[in-house]
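Taking it in order: structure first as structure tokens, then the write-up.
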Amino acid sequence: MRRICLSVLLLGLGATAFAGGYRVALQGVRQASMGLTGVMHAKDASVAFFNPAGLAFVDAKVSIAAGGFGVTNNVAWQNPSTLESAETDSPMGTPIYFAASYRPLKDVTVGVSFTTPFGSTLKWPEDWAGRANITQIELKSYFIQPTVAFKFNDWFSVGAGFIYAMGEVNLQRVNAVAGNEVGLEINDTDAHGLGFNIGAYIKPSDRVNIGLAYRSKVDMKANYGEAIWSNVPTALSGSMPFTTDQFNAMLPLVSEFTAGLSYQATPKLTLAGEVSVHGWGSYRELVINLENTSTGETVESKQTKNYKDRAVWKIGAEYQATDLLALRLGYYFDEFVTPAEYWSPETPDATRHSVTGGVGLNFGRFNVDAMAQYIYGMERYIDNIETGFKGDIGVRAFIFGLGLSYNFN
Amino acid sequence: MPLFSVWVFLITSTKKEKMKNLSKIFLAATLVVFSSCDPEFDNPVADAQPTSGIADFSRFVALGNSLTAGFTDNALFISAQQNSYPNILASQMALAGGGAFAQPLMPDEIGGFSDFGINGRLTLQLVNGALTPVPTPAQSPFTPASGGPFNNMGVPGAKSFHLLAQGYGNPGGIATGQANPYFARFASSNNASILGDAAAQQPTFFTLWIGNNDVLSYATSGGTGVDQTGNQDPTTYGSTDITDPTLFAGVIQNILEVMVNQVGAKGAIANIPSVTDIPFFTTVPYAPLDPSNPSYGPMIPMLNQFYAQLNQVFDALGQPERKVTFASDAASPVVIKDKDLADLSAQITSILISSGVDAPTATLMGITYGQSRQATEDDLMVFTSQTVIGQIDAERVAALIAMGMSQEQAAQLSISGITYPLEDQWVLTKIETAKVAAATAAYNETIRQLSINYDLAFVDAHRAMQELSSSVGITYYGNNFNTTYVSGGSFSLDAVHLTAKGYAIVANYFVDAINFKFGATLPNVNPNNYPGVVIP
């Protein structure tokens, strides 16, 4: 069955992007509809995630923002040498966000944001060729970020946030053991990590907003997660590694440095451009340590990742058509971060172009934003030299989102 | 289609007069198209059309031995034949103009011949807590295969020269060993030869993988046969002899002359893997005697005391390399009989007598240790030696008791590999291994040269097996294949023949060689999708 969806191609604008690896760059509906630009949009409390300093320029004593997205991610693989193919049948991902800010003093704004900035939800067929790598994965992260911003003057502020991250991971695979196929599921709902977020916000004129922000890497550690084996031959049930029942692993939620600028070209038209540099280079390998908790025996499974640092280039525009209605468009370009020789189907990575669009309805203090996004992954040929997984990869994703915000003084 | 709704809303709401310009900008800037949410490839595999290049796969015949027949777990049975590499290859050829591929299917899923006492397949079972390959008794007698001629003409047990032998498929000769029951099942007549029956099918394409048994039967017998290098008359050969390389070259040339020049077929030829790469020779270590084993460790001081006297004799004879010692902190090599050593029986006996040992004991010691030594890393223990090492040899016990020894003493002197040197059949010594290697190298040089002369696709099975037996093995989609027994995935329970997964790997090598030589575009297969040894 083919799902038909609408894609919007911008003539003469070239191509745009979404974020690689397992970054889910959906922390504000208005930002997402403008090509993911965010570091310079101080419209409501959701800016806390993008740039803590931006809170100081939100034009409200109290701001509350919340929203959610539906993400349909389709990944296809085919091997031209064996003529095998497979396609994911993933459940819809639902990233959400919530943010609130309060200005107790003229120059000080405090806030908190709750976001889900990293994740991956994929379900490959149980019997597909890459089942020894993965049959399904559910990777979730939750960032809670208390934030404070200080406004020095009318044109400059700084801000900082502390990140407490929680995570959940469930990964399933099926390995061949001689002529048997043995399942392994690792599951942890209690992963943790810490990080920080700092930024500066500059408003050199009424028409220009500049944002700079750095969000640190968060090492998401899954300790004492459960390891569950299935279909283990009876004769092997007492031997390693099938007696392991616990796993430890660490996944880096990588750093991001972002610089962006918006320019109010006309009273109604705002243009924005942003570049973010993602520190994927710190993801060198994925080590899953399995342990038999009664004997202390361990066995380690290691996959080389060797991801590359990458920049994502984003542009967006907003046209305030009427006092009520704003129209938004955007595009971004996101180059692949996974080298072909270490590509792995649990985080299917490709160079992506993405177009975004949306509308905003302004009811005074109350704003409603809606967006939609189409992601086109460029076809690539990958050949993992460790696992022998190879073939063509295609990625498409469709995203929609709805957000609400409420500002008052 | 939420995005569609968004844009409809956007366009309709821009119809107001003052927004016309904006509307135009957006419409001009925007091309709205319907496209699939499913990724599409530039060259979808669903549309791929494999081609045969300059080859013609319409009538394909496979020639060879047990490996070609699909033999696995020490038997030939229906599903094993269906997963034979020629059948896998034929299924890929069928995508590129290949015709039907008929196989002489066995009557059941067990194999063997009940009337010839040949067992069916091995299965892995838990016996006394240990995983053990257990043979299944054959259920069907010898039954001719109906529906020939057959495209898969692989005959288990065939050596190179058997392909030319008339009468090799005469059912009347099976019981006497003159004929092969597997060929007899489908030979066109009592006097037929494998090559004659193959040529009669007028194949357009053939594969030939023969010569393994010309060295392997010698090797698996622990080198009990004769290296017949220099003797070109196969009628004088024993079943475990090494075939003369010159005879081998003549046979292969004869086969290719018929298939290529008389029949006009194109083909592929595979060479012979090294026996040192297959688990039949790499599973049992030369030093398996582990001091932590409770039935061996406590014996070590007594054993060393026992051998001390003999070691003095070897020193006196200037043969220190014959001495036997067992370490208490490391695994020790087994004691073997090496028929290539000078027989020192008489000298041992006389020295022992002169040092006061009684004549019957001295004689027994001389006979037992006249050609013995401890194994070295250059000796290959055959796979089946694990069933005798450390066990008391009942025949030897009976013989010693008949000589007047007590049961207990006889048993102590009959522990295979420890007090009783392992017989020739359990070990392929360095010298014997070298003979196998020399013949294999000669065969492979012939195969390589003839593959050029006859313009054949060349399958380097020798190198493939080296790769498979290397420390990294071969990995397909995250599953590693190597030559470790059972867990390596590629070798079946008999440690000589492949699993279906292993045959799928072989099929891929044939596919690659055929594609390379003839410009075909046959697809590979995924070995993970084929069965292997099932662990209970």
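Sequence lines set the chain letters: A, B, ... in the order given, protein chains first and strands last, and positions in each chain run from 1.
Listed options Val486(B), Leu522(B), Leu131(B), Ile535(B) were ranked by heavy-atom pairs under 4.5 angstrom with chain A; first place goes to Ile535(B). Per-residue counts of heavy-atom pairs under 4.5 Å with chain B were compared for Ala397(A), Gly377(A), Ala129(A); the largest is that of Ala129(A). The residue among Ser344(A), Gly391(A), Ala176(A) with the most heavy atom pairs within less than 4.5 Å of chain B is Ala176(A). Most heavy-atom pairs under 4.5 Å with chain B: of the set Asp127(A), Leu269(A), Asn79(A), this distinction falls to Asn79(A).
When heavy atoms are compared at a cutoff of 4.5 Å, Asn43(B) approaches chain A solely by way of its backbone atoms N, CA, C and O. Both the backbone and the side chain of Val177(A) have a heavy atom closer than 4.5 Å to some heavy atom of chain B. With a threshold of 4.5 angstrom between heavy atoms, Val525(B) approaches chain A through N, CA, C or O but not through any side-chain atom. Residue contact with chain B, scored on non-hydrogen atoms closer than 4.5 Å, is absent for Trp128(A). Interface remark: Gln303(A) contributes no atoms to any contact with chain B (heavy atom separation under 4.5 Å). Looking at Arg131(A), the atoms closer than 4.5 Å to chain B (heavy atoms on both sides) all sit in the side chain, from C-beta outward.
In terms of heavy atoms, Pro233(A) sits closest to Pro536(B) at CB-O, 3.3 Å. Across all non-hydrogen atoms, the minimal contact from Pro39(B) to Asn74(A) is CG-O, 3.4 Å. Contact detail for Glu379(A) and Glu40(B): the closest heavy-atom pair is OE1-O, 4.1 Å. Scanning both residues, Tyr477(B) and Glu84(A), for their nearest heavy atoms gives OH-OE1, 3.2 Å. Residues Val45(B) and Pro80(A) approach most closely at CG1-CA, 3.9 Å, considering heavy atoms.
Residue Met240(A) places its CE atom among more than 12 non-hydrogen atoms of other residues, nucleotides or ligands, all under 6.0 Å distant. Residue Tyr381(A) qualifies as enclosed at atom OH: its count of foreign heavy atoms under 6.0 Å is above 12.
Annotation: the span from Asn480(B) atom CG to Thr387(A) atom OG1 amounts to 11.5 Å, rounded to 0.5 Å. Distance check: Asn175(A) CG to Asn528(B) CG gives 9.5 Å after rounding to the nearest 0.5 Å. Here the straight-line distance linking atom CG of Asn508(B) with atom OG of Ser81(A) works out to 7.5 Å at 0.5 Å rounding.
Of the possible polar contacts, none joining the Gln78(A) side chain to the Phe41(B) backbone as a donor-acceptor pair under 3.5 Å is found.
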Does Thr82(A) form a side-chain contact (heavy atoms from CB on, under 4.5 Å) with Tyr476(B)? I'd like the steps, not just the answer. CA-CA 12 Å; Thr82(A) 61; Tyr476(B) 285 91; over 6 Å; no
